[in-house]
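These notes are about the structure you will find just below.
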Amino acid sequence: QMMKHAWDNYKRYAWGLNELKPISKQGHSSNLFGNIQGATIVDALDTLYIMEMKEEFKEAKEWVEKNLDFNVNAEISVFEVNIRFVGGLLSAYYLSGEEIFRKKAVELGEKLLPAFNTPTGIPWALLNIKSGIGRNWPWASGGSSILAEFGTLHLEFIHLSHLSGNPLFAEKVMNIRKVLNRLDKPEGLYPNYLNPSSGQWGQHHVSIGGLGDSFYEYLLKAWLMSDKTDEEGRKMYYDAVQAIETHLIRKSSGGLTYIAEWKGGLLEHKMGHLTCFAGGMFALGADGAPDDKTGHHIELGAEIARTCHESYDRTSMKLGPEAFRFDGGVEAIATRQNEKYYILRPEVIETYMYMWRLTHDPKYRQWGWEAVEALEKYCRVDGGYSGIRDVYNSHQSHDDVQQSFFLSETLKYLYLLFSEDDLLPFEHWVFNTEAHPLPVLHKDDGNKEENQK
Ligand code: DMJ
């Protein structure tokens, strides 16, 4: 019902545009996609399919066939277009078998390739997909590319090579690893900034939230998606987690485990909503953890889930802030006005879903249901679902954006949280960072189609 409300209103007021403004009931354009259109449609395809919303899936597919156009003069974010559009199209293809999605995914992948034309092969953040000219965000330290951006292409690009027969996609992302493995890492940690021309780190800021997050996620998932054959990905993931535990993970005096940020050796005791995905990641990676640490990694996941639940529970709306702190006498609470917003993000629910699947502790479903009730009470409006400007003030002020990731991630993870484990089982599927499921490439590839069912 929630998906239907979000989708019907998008269709009614913003069809074909990127996102919906649910209060003003019109389209919302984000410059992240340049003038590529239809972000909500492509992001929602697999959710519609999984929820068996067949009519809606059919109209979304028809829109893709007739209107999704990459021959535009547009500067786009390589990361955002990859995770939402390439990821969304790949999942739609693997779930439905419809050739149009494969064709569009490969066509878009080819448009992204010029981003890798840098001296090191570390891609630019921004790319004009007509001219092929790239550049980096002007705010990024010393002209650097961003770890979570260039480190979050791997899963999609491996599948693009797999589906197109063109090895170039895989070569590009394997080269990123080569560059990273040649570099010295401060205390074993990966700074968020890397200059694509010099191949040197920029500012030594390390984060498992924004700017760093999905790089770590993709190391683990690359190994899982390779049917556990990608040893390099495995080693890079567990080594990184070891350094994160030593230098970033702390416990508050009230007993809450959190992941701090690291700036040149100093800790900032702040955790972003984005960082909350790490609970699910630690739990997902527990099974392969070295040195008999399986139980420890599950426990770490459970502790992060609890902390993130506290960040929700300590607000008036029972929805979590963008960032919360563990200093100045507070724990798991936002102290700055500009960190009190909630934009329909999925990470906490994502972690509940992984924890539920991996432990079957009923509290994760309870916590997920609390989030559903809060979303219905505060975010649902006549024209769809809106983000909130201040979760500590129950006289809500809406931000008037229905983010496309609300349909691709938040609602999908909620649906999976309350589904049986055999819907997209983890042995056969990994989720990209936008919650688009991609099949594990099984060693006995011949039986792949059978395995996925
Ligand atoms: C999504 O686009 C992805 O989950 C990304 O990895 C981080 N930000 C948003 C959701 O919060």
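Atoms within each ligand, like the ligands themselves, are counted from 1 in listed order.
Residue W7 is tested with W15, F57, Y13 for a ring pair (Phe, Tyr, Trp, His ring centres under 6.0 Å); the sole match is W15.
Applying the 4.0 Å criterion to heavy atoms of L274 picks out, from ligand 1, the atoms 7 (C), 8 (N), 11 (O). For ligand 1 and R84, the ligand atoms under 4.0 Å from any heavy atom of the residue are 2 (O). In summary, the atoms of ligand 1 found under 4.0 Å from a heavy atom of P346, numbered by their order in the structure, are 10 (C), 11 (O).
The backbone N or O of T152 lies less than 3.5 Å from a partner atom in the side chain of N82, making a donor-acceptor pair. Within the 3.5 Å criterion, the main-chain N or O of T410 finds no donor-acceptor partner in the side chain of Y415. Between the side chain of E19 and the backbone N or O of S404 there is at least one donor-acceptor pair closer than 3.5 Å. In terms of modelled atom types and a separation under 3.5 Å, the side chain of N192 and the main chain of I146 share no donor-acceptor contact.
For the pair E217 and ligand 1, no heavy-atom separation below 4.0 Å is found.
An N or O contact shorter than 3.5 Å is missing between S214 and ligand 1 by distance. Ligand 1 has a nitrogen or oxygen under 3.5 angstrom from a nitrogen or oxygen of T433. Checked by distance only, ligand 1 and R345 come closer than 3.5 Å through their nitrogen or oxygen atoms.
Closest protein heavy atom to atom 9 (C) of ligand 1: F405 CD2, 3.7 Å. E409 OE2, 2.7 Å is the protein heavy atom nearest to atom 4 (O) of ligand 1. With respect to atom 10 (C) of ligand 1, the closest heavy atom belonging to the protein is E347 OE2, 3.2 Å.
Counting heavy atoms closer than 4.0 Å to ligand 1, residue I83 contributes side-chain atoms (C-beta onward) but none from N, CA, C or O.
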CA sep, side-chain torsions, deciding dist, call: W137, E149, side-chain hydrogen bond (donor to acceptor under 3.5 Å, both in side chains): CA-CA 11 Å; W137 297 106; E149 297 200 324; 3.0 Å; yes
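Two rings, from Y10 and H28, have their centers 6.0 Å or more apart.
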